[in-house]
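Every chain is numbered from 1, with letters handed out A, B, ... down the list of sequences.
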Amino acid sequence: MVKEYVVKGDVCHPGTTVVNDGMTIRQVIEQAGGMANGKAFKAVQIGGPSGTLLCEAQLDLPLDQKALAPFGMRRGDGVITVLDEDRCIVDAVRRFMEQTQTDFCGKCVSCREGTRRIVELMNALMQGILDDDGFAILFEIGEMISVTGYCALGKGVYSTLKNAYQFFPEEFEAHRKNACSLCAKETRPSIEPGHIPYERRRIVIDPAVCRGCSRCARSCHAEAISGVIKSPFVIDQTKCVKCFTCMELCAFGAIREEEIDG
Amino acid sequence: MAKGLMYIDNIRVEYDEEPNVMEICRKAGVEVPNFCFHSDLSVYGACRMCMVEDEKGTIAAACTMAPKNGMHIRTNTAKLLRYRRLILELLLAAHCRDCTLCEKSGNCRLQDMAMRFGIHNMRFEDTRPHIPNDETSPAISIDYNKCILCGDCVRVCQEVEGIGNLHFSGHGPDLRIITTGNQPINATKCISCGQCSAVCPTGAIVVKNEIGEAWKAIHDPGKRVVVQIAPAVRVAVGEAYGIDPGENVLDKLVAALKIMGVDEVYDTIFGADLTVREEGAEFMRRLESGENLPLMTSCCPAWVKHVENDRPQFLKNLSSALSPMQMFATVLKDRYLEKDKEDGRETYHIAIMPCTAKKMEAARPEFRRFGKPNVDLVLTTQEVIKMIKESGIRFAALEKESPDLPFGMGSGAGEIFGTAGGVAEAVIRHCLPDKSKNALRMISNSGLRGREQTRFATIPIGDREVRVAVVHGLAAADKLLDQIERGEVQLDLVEVMTCRTGCVGGAGQPTALMGSKRKRADGLYELDRSALFKRAERNPVLNIMYAEDLNDRAHELLHHKYEGAADSENK
Ligand code: SF4
Ligand code: SF4
Ligand code: SF4
Ligand code: SF4
Ligand code: SF4
Ligand code: SF4
Ligand code: FES
């Protein structure tokens with residue numbers, strides 16, 4: 001199946017790119033012109049704040065949900081943010097975490113209050129003023145949200161942080177000592193996180209398949225789904241936050257993700 | 001046959017209609033921590049306190065988890081406890097934890113949970129911007145800073161009362177509760193039912209506290225403080241002192257009030273008898289003429305407000321007979337005019353009610369005479385409990401004391417005013433020419449009593465089959481009104497109570513689940529069974545008063561025609 005992705009960050013030709021079945025992440029980056037300014041690749045974030053972060057070791061895996069699921073990739077997110085060797089990983093993670101504050105709905109306590117604190121703690125880490133307890137709490141909260149969050153958006157938020165620490169522990173350690181060499185010489189603005197491209201994708205209910213059971217409507221915390229029992233339900237695109245809760249619940253497979261043309 | 005079988009912490013439970021694991025846990029006797037679950041409301045799943053673990057180690061919220069046969073659920077694994085503590089800590093971190101200043105303290109689910117989990121150390125600061133309180137409602141106070149966004153108030157206002165006056169606004173860290181249009185609540189269509197405060201697990205929405213006013217009056221030597229006590233109060237007040245819901249503690253309450261310094265204590269059922277007689281007469285007149293049927297009860301002020309706000313076409317159906325509280329107050333103030341002059345004291349009238357809306361009713365401009373409100377102050381059951389505690393009175397150990405005479409007595413019909421269906425039953429008792437025991441039994445078995453939210457009964461009065469409906473919860477009432485409008489049901493008498501189960505479930509009562517509310521209602525039916533007389537027209541004091549001059553002055557004192565926007569706007 002052909003899918004469209006948006007590639008951004010430190011590549012030569014940022015923008016929309018078509019990904020064929022089986023294409024590896026490396027090939028996708030190459031298709032976007034490869035790394036810019038002759039710098040080397042460091043990490044790639046796929047899927048925005050509730051997506052995941054990968055490094056060199058995963059570059060030859062195919063860009064699909066199944067293959068990347070063990071690394072925290074979730075279904076359906078279409079933005080790829082590429083980071084080069086000079087980017088500070090802590091700063092990148094901080095920006096993705098900050099993005100949650102504008103992208104997420106805030107309905108459930110674990111995610112609303114958890115991400116609020118993660119952002120605070122990441123900011124403290126950036127400034128080199130996070131103590132040992134604070135550093136431990138950061139991961140404690142992340143893990144808690146990944147288990148207890150109401151929807152896939154919140155549940156996915158920990159992957160980026162967890163993987164970043166796993167792949168680049170030395171950068172986190174440097175920040176704890178307020179001695180990050182990358183930040184010291186960085187002059188570019190922080191990486192702009194790829195987040196859910198609301199404008200490019202939407203969740204739709206296929207009226208031919210929907211039996212009008214109302215299960216999706218009851219599950220949608222954004223109250224975006226309405227309808228009359230036994231006739232097809234519809235999703236209000238202005239309200240939908242693209243959490244996929246409904247899609248996972250629908251017993252008839254009537255809900256799917258769609259690319260918006262143009 | 002049970003639908004399935006589950007194990008909750010190794011306790012074997014069969015389940016039938018329980019829609020989620022939360023209810024099944026309750027059945028097993030395990031109360032999973034929760035803030036946003038109410039069996040009467042839709043499931044919301046936001047607080048994440050109710051996480052449980054199944055046999056595969058999957059962790060999910062019990063309130064949204066569908067039961068499956070053979071499931072093994074653990075509610076307290078090490079992991080769960082860790083997550084729950086952290087969630088609770090995060091919740092408390094974004095909360096102004098000024099418990100000692102808080103109206104809800106001692107009765108707060110958040111505080112209770114914090115104590116249960118022993119949260120003594122707080123690792124985060126409250127970084128939220130401050131939102132000003134809303135004190136504009138006569139019935140409730142809102143402190144948005146104490147809100148934990150459980151959504152219970154939003155759902156009760158919409159799903160049970162059909163008003164939909166509270167909403168979520170914003171998203172992410174800025175998510176908050178607002179009233180319709182983000183207006184001060186007195187500028188909205190709030191009907192002051194207070195049900196939002198009754199479900200709120202924190203001190204964010206509470207009953208307006210007017211205890212200070214009460215003490216001021218009690219300690220004023222120039223004031224004669226006269227109290228009336230509503231029926232629903234007597235079967236609930238004891239709950240704060242370990243007495244079972246439904247047990248009548250009127251006599252202890254009278255004793256407590258006297259110790260606190262109240263001069264005279266009377267019974268609202270006296271006013272209820274007046275309402276029954278006036279409303280009964282009005283009903284018979286309307287049956288005769290066929291005009292403005294069905295007659296709709298008007299003793300619930302929140303319901304009246306709703307008709308004024310949203311269903312003005314039914315204003316003409318509302319009974320013009322005053323509510324028992326207002327009946328009592330007008331007659332009292334009228335009778336005490338002389339007395340006040342004689343001993344140079346002013347009568348200050350306090351009504352103890354299960355109800356927050358009564359605070360709004362008491363403040364309505366049409367219920368004033370001689371420049372003063374007929375009811376000077378309404379105290380809810382909750383407030384009275386606080387006053388008793390403040391006084392250091394050991395309530396459970398009090399000697400009994402009867403209400404004063406002459407207004408301290410009333411009929412069994414007056415007692416059941418406190419429960420949904422009671423007003424209709426009392427009116428029918430009054431109107432039915434057959435005064436035998438069998439007739440009483442016939443009425444009580446006619447369908448007016450029961451658990452359904454909307455109940456119908458057909459009762460023969462003379463040569464007519466009178467069709468009666470009882471409905472509690474305004475969302476259900478609105479549905480009934482729609483049916484009436486479309487001509488799908490033909491009715492003669494409709495009783496509407498805003499609170500589920502009627503006034504026993506009023507928002508001024510101690511917080512309670514459905515089960516306790518039903519027990520309170522049973523308590524009132526029990527009082528009716530043991531009452532000296534069961535019909536309003538048998539009230540001897542009233543009979544004397546009617547014989548004197550009340551008959552001629554009934555229109556002036558005991559009736560008010562609700563005419564809509566115009567008459568309540570001119571406050
Ligand atoms: S419902 Fe989803 S996006 Fe909203 S706060 Fe919870 S986990 Fe986050
Ligand atoms: S419509 Fe579906 S994907 Fe969108 S917010 Fe609702 S549940 Fe989530
Ligand atoms: S709402 Fe509860 S926890 Fe909060 S200040 Fe009041 S009593 Fe304390
Ligand atoms: S008092 Fe009643 S009508 Fe007013 S906001 Fe609360 S629940 Fe809604
Ligand atoms: S005001 Fe109370 S009931 Fe309403 S959302 Fe806040 S905490 Fe919950
Ligand atoms: S049902 Fe009773 S307690 Fe509830 S609002 Fe009406 S009068 Fe008040
Ligand atoms: S009770 Fe289940 S999430 Fe609140």
- Message: Assess whether a salt bridge exists between A/K239 and A/E223, defined as any Lys/Arg side-chain N lying under 4.0 Å from an Asp/Glu carboxylate O.
- Response: no
- Charged N to carboxylate O below 4.0 Å: is that the case for B/D152 and B/R155? yes
- Selection from A/D133, A/V119, A/V109 maximising heavy-atom pairs under 4.5 Å formed with chain B: A/V109
- Task: Measure A/I137 against the heavy atoms of chain B and call it side chain, backbone, both or neither at under 4.5 Å.
- Result: side chain
- Message: With chain A as the partner, which of B/G170, B/A61, B/A93 has the greatest number of non-hydrogen pairs under 4.5 Å?
- Response: B/A93
- Message: Need one label for A/E120: side chain, backbone, both or neither, based on atoms under 4.5 Å from any heavy atom in chain B.
- Response: side chain
- Count the heavy-atom pairs under 4.5 Å between each of A/M144, A/R117, A/R112 and chain B, then report the option with the highest count. A/R117
- Query: Should the pair B/R85-B/E89 be classified as a salt bridge under the 4.0 Å nitrogen-to-oxygen rule?
  - Reply: no
- Message: Heavy-atom cut-off 4.5 Å, strictly under: side chain, backbone, both or neither for B/L90 against chain A?
- Response: both
- Side-chain ion pair, A/D64 and A/K66, N-O less than 4.0 Å: no
- In terms of ring plane angle, is the pair A/Y165 and A/F139 parallel, tilted or perpendicular, where the classes change at 30° and 60°? tilted
- Note on the structure: Rounding to 0.5 Å, atoms CG (A/N123) and CE (A/M97) come to a distance of 12.0 Å
- Note on the structure: Turns out that what part of B/F35 lies under 4.5 Å from chain A's heavy atoms comes down to neither
- Who wins among A/E113, A/K107, A/R116 for the most heavy-atom pairs under 4.5 Å with chain B? A/K107
- Query: Is the ring centre of B/Y7 less than 6.0 Å from the ring centre of B/Y15?
  - Reply: no
- Sort out for me which of B/I59, B/L86, B/T58, B/T64 touches chain A most, counting heavy-atom pairs under 4.5 Å. B/L86
